[in-house]
Amino acid sequence: MQSEYPLFPLPTTLLPYGKMPLQIFEQRYLKLVKQCMREGSTFGVIQLVKGSEVMKDGRRVPPVVAERGTVAQIVDWDQLPNGLLGITLQGKNTFAASNLRVAEDGLVLCDAEFEAALTPAPLLDTWEGLAEVLESLEAHPHVERLQLDIDYRDAWQVGYNLLQLLPLDESLKLSLLAPGSLERLMATLDQELTQLSGD
């Protein structure tokens with residue numbers, strides 16, 4: 001358990017092994033990013049369920065967020081043409097967030113219970129089709145810029161990277177943050193790809 005763990009609530013879900021580009025412009029997050037880059041520390045990306053924080057009785061009340069988020073490591077940064085700071089996040093292990101509060105500088109903090117990193121699992125023959133879809137996505141210029149580094153022998157990496165890239169409902173992605181089993185993750189991806197392709 002780590003108290004005072006900083007959160008970055010977003011409407012999108014960062015998944016383990018997934019990569020996500022982000023533009024930083026708010027002072028509280030610029031400060032957080034600088035601290036993480038200086039110390040090599042992480043923060044939690046957690047799905048924003050409702051609104052931003054509000055004022056109540058003269059103090060800030062944290063926003064409504066999901067119960068579980070993903071540890072985010074900054075793996076790249078750049079000054080964007082619009083002058084903002086652009087960073088690329090890599091998803092690590094997941095965590096359960098409780099006891100949310102808002103710090104003086106506006107940063108949302110929580111007590112984080114970290115879950116163990118996933119143990120690599122072999123990619124079964126029945127999942128080869130999912131790996132092929134992921135490989136074809138990797139060739140897309142927008143995805144190429146993320147410089148994904150995927151071990152295609154590990155089914156978790158194939159599954160979560162594919163889930164990160166596909167244009168699927170965020171509530172579905174959130175439900176698969178703790179899929180219960182690799183089989184459920186892969187079966188859901190298979191089902192969603194069938195629907196996307198209109199078969």
Side-chain angles (χ1 to χ4, degrees), residues 2 4-53 60 62-97 100-103 105-110 112 114-115 117-118 134 137-150 156-157 159-178:
Q2 182 180 332
E4 308 288 299
Y5 190 59
L7 294 178
F8 202 130
L10 288 170
T12 51
T13 310
L14 176 66
L15 297 157
Y17 304 110
K19 276 189 172 180
M20 178 190 282
L22 211 54
Q23 288 190 34
I24 309 294
F25 52 89
E26 284 189 56
Q27 203 53 47
R28 55 182 166 171
Y29 295 127
L30 283 167
K31 189 176 152 196
L32 173 64
V33 164
K34 282 174 185 163
Q35 183 185 344
C36 288
M37 285 162 69
R38 193 171 58 242
E39 299 171 2
S41 54
T42 63
F43 57 85
V45 168
I46 199 158
Q47 199 183 113
L48 187 62
V49 176
K50 199 167 117 199
S52 52
E53 70 269 6
R60 282 189 171 122
V64 180
V65 298
E67 292 173 7
R68 177 179 273 103
T70 304
V71 172
Q73 184 100 46
I74 300 167
V75 290
D76 199 9
W77 65 277
D78 199 8
Q79 191 82 33
L80 299 173
N82 59 10
L84 297 178
L85 174 66
I87 60 173
T88 303
L89 303 177
Q90 174 106 51
K92 305 305 232 184
N93 51 318
T94 53
F95 65 93
L100 267 68
R101 56 234 181 246
V102 183
D105 62 1
L107 206 60
V108 181
L109 306 172
C110 76
F114 297 102
E115 288 148 357
L118 294 162
L134 181 58
L137 283 174
E138 269 205 89
H140 190 283
H142 175 67
V143 178
E144 263 186 346
R145 284 198 292 273
L146 289 172
Q147 296 179 319
L148 300 178
D149 182 18
I150 302 163
W156 282 113
Q157 291 195 40
Y160 271 135
N161 270 289
L162 186 54
L163 183 60
Q164 186 77 67
L165 294 171
L166 289 174
L168 300 174
D169 195 274
E170 290 301 328
S171 61
L172 176 71
K173 292 186 180 187
L174 180 63
S175 74
L176 290 168
L177 255 189

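FYI, the numbering just counts along the sequence from 1.
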Could you work out, with side chain to side chain contact (heavy atoms under 4.5 Å, CB included) as the rule, every residue matching [X], not counting sequence neighbours?
X      : result
Glu26  : Arg28, Tyr29
Glu4   : Arg101, Leu109
Glu138 : Leu148, Ile150, Tyr152
Ala178 : Arg68

Subject >> ring pair (Phe, Tyr, Trp, His ring centres under 6.0 Å) partners of Phe95, counting only residues at least two apart >> reply: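 Phe95 satisfies ring pair (Phe, Tyr, Trp, His ring centres under 6.0 Å) with Tyr5 once adjacent residues are dropped.
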
Subject >> salt bridge (Lys or Arg N to Asp or Glu O under 4.0 Å) against Lys31, all qualifying residues, sequence neighbours excluded >> reply: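 Partners of Lys31 by the salt bridge (Lys or Arg N to Asp or Glu O under 4.0 Å) criterion, ordered by chain and then number, come out as Asp105.
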
Subject >> Pairwise side-chain contact, Leu146 with Leu165, heavy-atom cut-off 4.5 Å (strictly under) >> reply: yes

Subject >> Any Phe43 side-chain heavy atom under 4.5 Å of Leu107 side chain >> reply: no

Original post:
Could you give all pairs that pass the side-chain hydrogen bond (donor to acceptor under 3.5 Å, both in side chains) test and reach residues 84-94, with sequence neighbours left out?
Top reply: Thr94-Glu115

Subject >> Ring geometry between Tyr160 and Trp156 (parallel below 30°, tilted from 30 to 60°, perpendicular above 60°) >> reply: parallel

Between [X] and [Y], what is the shortest heavy-atom contact and its length?
X      : Y      : value
Ile74  : Cys36  : CD1-CB, 3.9 Å
Gly91  : Thr70  : CA-CG2, 3.8 Å
Leu168 : Lys173 : O-CE, 3.8 Å
Leu100 : Pro63  : CD2-O, 4.0 Å

**OP:** Look up atom CG in Leu85 and atom CG in Leu30, then write down how far apart they are to the nearest 0.5 Å.
**Re:** 6.0 Å

Subject >> Arg145 side, atom CZ; Asp76 side, atom CG - distance, nearest 0.5 Å >> reply: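 Arg145 CZ to Asp76 CG: 12.5 Å, rounded to 0.5 Å.
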
**OP:** Starting from the C-alpha separation in whole Å, work towards a yes-or-no answer on side-chain contact (heavy atoms from CB on, under 4.5 Å) for Ile24 and Leu32.
**Re:** CA-CA 10 Å; Ile24 309 294; Leu32 173 64; over 6 Å; no

**OP:** Determine yes or no for a side-chain-to-main-chain donor-acceptor pair under 3.5 angstrom, with Lys19 supplying the side chain and Asp149 the backbone.
**Re:**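 No, the answer is negative, given that no donor and acceptor are paired below the 3.5 Å cut-off.
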
Subject >> Qualifying residues under side-chain hydrogen bond (donor to acceptor under 3.5 Å, both in side chains), relative to Ser175, sequence neighbours excluded >> reply: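 Testing Ser175 for side-chain hydrogen bond (donor to acceptor under 3.5 Å, both in side chains), a comparison that skips the adjacent residues, returns none.
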
Subject >> Any residue meeting side-chain hydrogen bond (donor to acceptor under 3.5 Å, both in side chains) with Gln23, in chain and number order, not counting sequence neighbours >> reply: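 Counting only residues at least two positions away or on another chain, Gln23 forms a side-chain hydrogen bond (donor to acceptor under 3.5 Å, both in side chains) with Asn82.
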
Original post:
Is it the case that more than 12 heavy atoms not belonging to Gln27 sit under 6.0 Å from its CD atom?
Top reply: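 No.
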
Sequence neighbours left out, cut at 3.5 Å: what donor-acceptor pairs do the side chains of residues 8-18 make with other protein atoms?
from  : atom 1 : to     : atom 2 : distance (Å)
Thr13 : OG1    : Gln47  : NE2    : 2.7
Thr13 : OG1    : Glu170 : OE1    : 3.0

